[in-house]
Engineer: 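Shown below is the structure under consideration.
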Amino acid sequence: MRVLVISDIHANYTAFEAVLEDADDFDAVWCLGDVVGYGPDPNACVELLSEQPNLICVPGNHDIAALGKMPAESFNGDARRSLLWQQRVLSGSTMVFLDSLPKKVEANKNVTLSHGSPRDPVWEYILNTMTARMNLPEFATDFAFIGHTHVQSMFFYDEKEDRVSLEIPRVGLPISLSGRGIFNPGSVGQPRDRDPRAAYAIYDTEALVWEPQRIAYDIEAVQARIREAGLPEKHALRLAEGW
Ligand code: ZN
C-alpha cells in the first residue's frame, strides 16, 4: 500500500491541492493533525481531506483549540487572533469531523500516528534526539509518524548503541526503514525549514520505504486570501520564506 503521509495543512487549500496532485497515485492518506489554524481555508481543507481514500487522521493542537476545547491563552498573539477567526468560520460539519479524531492511533500494525509525540500526542515537539529517545518506550510499534514541528525529519534508533540519530532527509531520496524510528513528513501548509514548498512523504507499507517530497504551489494566491480574511500579515509573509 502506498500511503500519502501529510501534516500541518493549516487551512492552506492551495498547498494541499498541490500535494494531492503531486503525490498522484496513493491508496491511503495518513494525516498527522493541524488541518486548520493560521490559513484562510479551514472548511475547504477539511472537506477535501475527508474525501481521501482510507483516511486516518489525528488532531493537532490547533484543531482542538479551534473546537474551543483548549484555552486560547495557550497560543501567542498572532496565532490566537487566527484561532478566534477559525472558531468564527468553522462549519458544523468541519467541527464534527475534527471532534471525531482519535489523538493517537496505530496504523497498518507497525506505525503509531500522533501530532506532537507518542508520549504527549497534542503538545510535545520532537525537535532533538533526546526527546526522540524518551519517546521510544511510549509506542509499541516499530515506527512513529509525527508532525507539529513543521520540519521534515527522521530519527533513527540504533539499538546496539542505544542511541538516536537525527537526519534531515534529501527530497525525493527513498529511505529504507528498519529497526525503530520516528519520522516527520514536514508541513503541507506552513513549512518552517526555510524551504517554502509544501512538504509531504510517501510511505510504502510493504517495502518499508519512506520518501520525503516537496512541491511548489501558488503562495501569492494564499497570501491574498489571508489578507482578504483580515488574518495576521505575519502568517502571509512567512509562507513565502518558509518559517
Ligand atoms: Zn502546526
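Bear in mind the structure is a predicted one, so any value in this text is a computation, not a measurement.
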Engineer: Which pairs count as ring-ring contact (aromatic ring centres under 6.0 Å, His included) when at least one residue sits in residues 86-115, sequence neighbours excluded?
Structural biologist: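 Counting only pairs at least two positions apart or across chains, the ring-ring contact (aromatic ring centres under 6.0 Å, His included) contacts touching residues 86-115 are H115-H148.
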Engineer: Before accepting this row, confirm whether a basic side-chain N of the pair D8/R192 lies closer than 4.0 Å to the acidic partner's carboxylate O.
Structural biologist: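 Here D8 does not pair with R192 in a salt bridge, since their nearest N and O are not under 4.0 Å apart.
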Engineer: Indicate yes or no: at least one non-hydrogen side-chain atom of V35 is less than 4.5 angstrom from one of L49.
Structural biologist: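 Side chain of V35 against side chain of L49, heavy atoms only: contact under 4.5 Å found.
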Engineer: Quick one about Q152 and D195 (side-chain donor to acceptor, distance below 3.5 Å, no hydrogens or angles considered), yes or no?
Structural biologist: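 No - no donor-acceptor pair under 3.5 Å links their side chains.
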Engineer: Is a side-chain donor or acceptor of S153 paired with a backbone partner of V151 at a separation under 3.5 angstrom?
Structural biologist: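 Here the side-chain-to-backbone pair exists.
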Engineer: Please answer: with hydrophobic residues joined when any side-chain heavy atoms are less than 4.5 Å apart, are L48 and L101 in the same cluster?
Structural biologist: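 As far as the 4.5 Å side-chain criterion goes, L101 and L48 are connected within one cluster.
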Engineer: Any chance the side chains of D34 and S7 put a donor and an acceptor closer than 3.5 Å?
Structural biologist: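 No, no side-chain donor-acceptor contact under 3.5 Å.
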Engineer: Does this structure show an ion pair linking R2 with D25, if we count only N-O contacts that are shorter than 4.0 Å?
Structural biologist: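 Answer for the salt bridge query: no.
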Engineer: With a 3.5 Å distance limit and no angle check, can you tell me whether N135 reaches the backbone of E138 through a side-chain donor-acceptor pair?
Structural biologist: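 Side chain of N135 to backbone of E138: no pair is present.
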Engineer: Say whether, by atom type as modelled, one donor and one acceptor occur between the side chain of Q52 and the main chain of V29 under 3.5 angstrom.
Structural biologist: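 Judged by distance alone, no pair lies under 3.5 Å.
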Engineer: Counting only heavy atoms from other residues, nucleotides and ligands, does the tally under 6.0 Å from CD of Q87 exceed 12?
Structural biologist: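 Yes - once you tally the heavy atoms of other residues, nucleotides and ligands closer than 6.0 Å, there are more than 12.
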Engineer: If we only count heavy atoms from C-beta on, is the S176 to L208 side-chain gap below 4.5 Å?
Structural biologist: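 No, too far: nothing below the 4.5 Å cut-off.
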Engineer: Sub-3.5 Å donor-acceptor pair from the side chain of D41 to the main-chain atoms of A44, do we have one?
Structural biologist: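 Checking the backbone N and O of A44 against the side chain of D41, no donor-acceptor pair under 3.5 Å is found.
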Engineer: Decide, yes or no, whether a salt bridge links R180 with E159 under the criterion of side-chain N to carboxylate O below 4.0 Å.
Structural biologist: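 Here R180 does not pair with E159 in a salt bridge, since their nearest N and O are not under 4.0 Å apart.
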Engineer: Are F145 and I182 side-chain neighbours, meaning at least one heavy-atom pair lies under 4.5 Å?
Structural biologist: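 A side-chain contact under 4.5 Å is absent here.
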Engineer: Y38: which other cluster members, linking ILVMFWY side chains closer than 4.5 Å, directly or transitively?
Structural biologist: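 Result for Y38 is none, singleton.
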Engineer: Under 6.0 Å between the ring centres of F183 and Y203?
Structural biologist: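 No.
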Engineer: Does E17 use its side chain to pair, donor to acceptor, with the backbone of Y217 at less than 3.5 Å?
Structural biologist: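 Not confirmed, E17 side chain does not pair with Y217 backbone.
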Engineer: According to ring pair (Phe, Tyr, Trp, His ring centres under 6.0 Å), who are the partners of W243, at least two apart in sequence or on a separate chain?
Structural biologist: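 W243 satisfies ring pair (Phe, Tyr, Trp, His ring centres under 6.0 Å) with no residue once adjacent residues are dropped.
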Engineer: Without swapping roles, check the side chain of K104 against the backbone of P118 for a donor-acceptor pair under 3.5 Å.
Structural biologist: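 Between the backbone of P118 and the side chain of K104 there is a qualifying donor-acceptor contact (under 3.5 Å).
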Engineer: Indicate yes or no for a side-chain donor-acceptor contact from T141 to the backbone of T112 under 3.5 Å, with no hydrogens or angles considered.
Structural biologist: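 Flag set: sc T141 to bb T112 pair under 3.5 Å.
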Engineer: Please determine whether the number of non-hydrogen atoms from other residues, nucleotides or ligands lying under 6.0 Å from atom CZ of R163 exceeds 12.
Structural biologist: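 Not more than 12 within 6.0 Å, no.
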Engineer: Quick one: does L90's side chain get under 4.5 Å of P42's, heavy atoms only?
Structural biologist: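 L90 reaches P42 side chain to side chain.
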Engineer: Rounded to the nearest 0.5 Å, how far apart are NZ of K234 and OG of S82?
Structural biologist: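 If I round to the nearest 0.5 Å, the distance is 10.5 Å.
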Engineer: Do T94 and N43 get their side chains close enough for a donor-acceptor pair, meaning under 3.5 Å?
Structural biologist: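 Present: a donor and an acceptor within the cut-off.
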Engineer: Any donor and acceptor pair, going by atom type alone, linking the side chain of D63 with main-chain N or O of V36 inside 3.5 Å?
Structural biologist: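 Side chain of D63 to backbone of V36, a donor-acceptor pair under 3.5 Å: yes, one is there.
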Engineer: Donor-acceptor pair, distance only, cut-off 3.5 Å: does the side chain of T149 make one with the backbone of L127?
Structural biologist: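 Side chain of T149 to backbone of L127, a donor-acceptor pair under 3.5 Å: no, none is there.
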Engineer: Side chains of R225 and T14 only: does a donor on one sit below 3.5 Å from an acceptor on the other?
Structural biologist: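 A pair is found: one side chain offers a donor N or O, the other an acceptor, under 3.5 Å apart.
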Engineer: Working to the nearest 0.5 angstrom, can you tell me the gap between Q223 CD and E228 CD?
Structural biologist: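 So the gap between those two atoms works out to 13.0 Å.
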Engineer: Verify whether the ring centers belonging to W210 and F143 lie closer than 6.0 Å.
Structural biologist: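 Not under 6.0 Å, so no.
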Engineer: Does CD in E51 sit with more than 12 non-hydrogen atoms of other residues, nucleotides or ligands closer than 6.0 Å?
Structural biologist: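 More than 12 within 6.0 Å, yes.
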Engineer: Please check if any side-chain donor atom of H10 sits under 3.5 Å from a side-chain acceptor atom of H150, or the reverse.
Structural biologist: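 The criterion, which ignores hydrogens and geometry beyond distance, is satisfied for H150 and H10.
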Engineer: Hey, is CD on E220 packed in by over 12 heavy atoms from elsewhere, all under 6.0 Å?
Structural biologist: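 Open: at most 12 neighbouring heavy atoms sit under 6.0 Å from CD of E220.
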Engineer: Contact between F75 and R81 at the side-chain level, heavy atoms closer than 4.5 Å - yes or no?
Structural biologist: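 Not touching, per the 4.5 Å side-chain cut-off.
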Engineer: For residues V171 and R197, determine if any side-chain heavy atom of one lies less than 4.5 Å from a side-chain heavy atom of the other.
Structural biologist: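 SC-SC contact between V171 and R197 confirmed.
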Engineer: Using a strict 4.0 Å threshold on nitrogen-to-oxygen distance, state whether D22 and R214 make a salt bridge.
Structural biologist: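 Result for this pair is no, no salt bridge flagged.
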Engineer: Are any side-chain N or O atoms of N108 and backbone N or O atoms of N110, one a donor and one an acceptor, separated by less than 3.5 Å?
Structural biologist: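 Between the backbone of N110 and the side chain of N108 there is no qualifying donor-acceptor contact (under 3.5 Å).
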Engineer: For N128 and T131, does a side-chain donor sit closer than 3.5 Å to a side-chain acceptor?
Structural biologist: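 On atom types as modelled, these side chains qualify, holding a pair under 3.5 Å.
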